[in-house]
Amino acid sequence: MKVSIMSYSSSLSELLESIGAKEGSKLLVESEGRSFAGILMPHHDFSGEDIIVIKLKSGYNVGIRIGQDSAVKVLEHPEPKVKNKAPAERKEGLPNISLIATGGTIASNVEYRTGAVRPALSVSDLADSAPEMRGAANISGRALFSIFSENMNAEHWQELAAAVAEEINNGADGVVISHGTDTMGYTAAALSFMLGDVPKPVVIVGAQRSTDRPSSDAPSNLTAAVRFCVKGGKAGVFVVMHEALGDDSFAVHIGTRVRKMHTSRRDAFQSINVRPAALLDKDGNMKLTSEGRNIASGKAAARTKMERSTILLQYYPGMDPSLFENAMMKSKGIVIAGSGLGHVNEEMIRLIKKACDNGSLVVMTSQCLGGRTNLNVYKTGRDILSAGAIAVLDMLPETAYVKLMWALANADNVDEAKRLMMTPLAGEMSDRRSVDV
Ligand code: DAS
């Protein structure tokens with residue numbers, strides 16, 4: 001890839017070309033009495049024509065003016081693209097785990113061009129990034145898409161659910177899905193409802209640090225995910241991520257009960273209102289902490305229809321119904337993350353009634369996340385019930401949003417959808433408070 005030389009001065013362009021410097025080359029630069037070593041970054045339009053930008057080992061970028069007295073030397077050229085390696089041979093007697101890649105930090109590396117993290121790795125690179133994974137099972141896989149999870153939508157969930165069912169019906173003993181962390185909880189909930197009583201483990205795994213960083217959590221998360229597939233004995237949809245900041249414990253979260261609770265910590269994922277289904281340590285010793293369904297034989301089936309005219313609103317004080325009337329009157333499904341036990345202001349209650357009378361299904365959840373909604377305690381809640389809305393105990397708002405899309409599309413009518421919403425299907429709700437959460 002040629003350096004974007006048109007934006008350098010002619011003298012600097014000639015210098016870089018003469019030493020064979022390309023974007024991604026590691027350079028040693030001496031200028032104005034100082035020396036720097038780092039990766040040559042693309043020349044930005046806002047950098048001067050005699051400025052080169054290099055990314056230092058610390059990850060910071062520095063702009064260096066190249067003048068007559070400067071010296072620039074190439075230390076290393078960019079790594080050539082890794083050719084796909086031959087698939088590892090299958091080992092008799094080991095379980096067969098399918099790895100489906102969808103993108104996210106776990107399958108990314110820092111792109112020297114922009115310094116940003118971009119989805120990059122192939123499935124075999126991913127499998128090779130965690131050699132212990134190959135020791136525990138025969139890993140085969142495919143990349144379904146390569147996107148950051150903020151760009152996921154119902155179509156991706158549908159394609160993913162169908163691919164998981166296909167892998168299981170083709171003999172996989174479990175499926176591991178590498179995925180971005182931002183919306184992983186939504187995808188885990190979607191697969192939980194679409195795959196229903198799936199007979200094998202389906203484990204979604206991500207990373208908060210890209211694989212090219214020493215502190216990457218990708219290899220250990222991937223290994224823990226495969227180990228749970230192999231040893232957990234449990235069927236269903238789960239999320240596996242770090243349980244603590246260190247690399248020695250991993251939590252297996254139930255797919256409808258997990259949320260990313262921190263923007264950057266490696267133990268960002270927490271189970272809400274329930275305990276994780278299992279904990280694993282760095283050697284693969286496992287402690288099952290909740291019953292759940294056992295692995296079974298039988299086929300997987302994906303019921304993937306989703307009602308897209310469904311919205312999720314976060315209530316806030318002073319919420320003005322005139323700003324939401326149009327959206328709510330056009331939506332068949334409306335989830336509201338209300339305050340406290342599931343409350344909104346009086347103005348919004350009138351709009352909830354209007355939407356219900358218009359045929360929408362309005363579902364109240366709580367932005368507290370912990371605990372259960374209860375619309376029978378305060379007058380506010382009773383007015384919301386009278387307006388036609390329903391509450392769904394301790395279901396997470398985002399899980400309720402995904403479940404409502406699925407229920408409206410797979411039920412024969414709104415009343416049937418309402419009944420589905422209030423019936424536990426995939427561990428997403430419980431009317432009993434767990435003692436220690
Ligand atoms: N943007 C984030 C995502 O893809 C990166 C990550 O955390 O995986 O969800």
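Every number for a ligand or one of its atoms is a count from 1 in the order of the listing.
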Short question: side chain of Asn294, backbone of Lys234 - any donor-acceptor pair under 3.5 Å?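 No, because the side chain of Asn294 does not come within donor-acceptor range (under 3.5 Å) of the backbone of Lys234.
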Under 3.5 Å, is there a donor-acceptor pair between the side chain of Lys287 and the main chain of Asp281?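 Not at all, since once roles are kept as given, no pair shorter than 3.5 Å links the two residues.
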Provide, to 0.1 Å, the distance between [atom] and the closest protein heavy atom, together with that atom's residue and name.
| atom | result |
| --- | --- |
| atom 8 (O) of ligand 1 | Thr105 N, 2.8 Å |
| atom 9 (O) of ligand 1 | Ser149 OG, 2.5 Å |
| atom 7 (O) of ligand 1 | Thr181 OG1, 2.4 Å |

Atoms in ligand 1 with a heavy atom of Gly104 nearer than 4.0 Å: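 In order of numbering, the contacting atoms are 4 (O), 8 (O).
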Counting from 1, what ligand 1 atoms have a heavy atom of Glu150 closer than 4.0 Å?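 With Glu150 as reference, the close atoms of ligand 1 come out as 1 (N), 2 (C), 3 (C), 4 (O), 9 (O).
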Can you tell if the side chain of Tyr315 reaches within under 4.5 Å of the side chain of Asn345, non-hydrogen atoms only?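 Of all side-chain heavy-atom pairs linking Asn345 with Tyr315, at least one is under 4.5 Å.
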Would you call Leu99 and Leu222 a side-chain contact if the rule is heavy atoms closer than 4.5 Å?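 Yes, at least one pair of side-chain atoms sits under 4.5 Å.
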Between Phe145 and His156, is the ring centroid distance below 6.0 Å?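 Yes.
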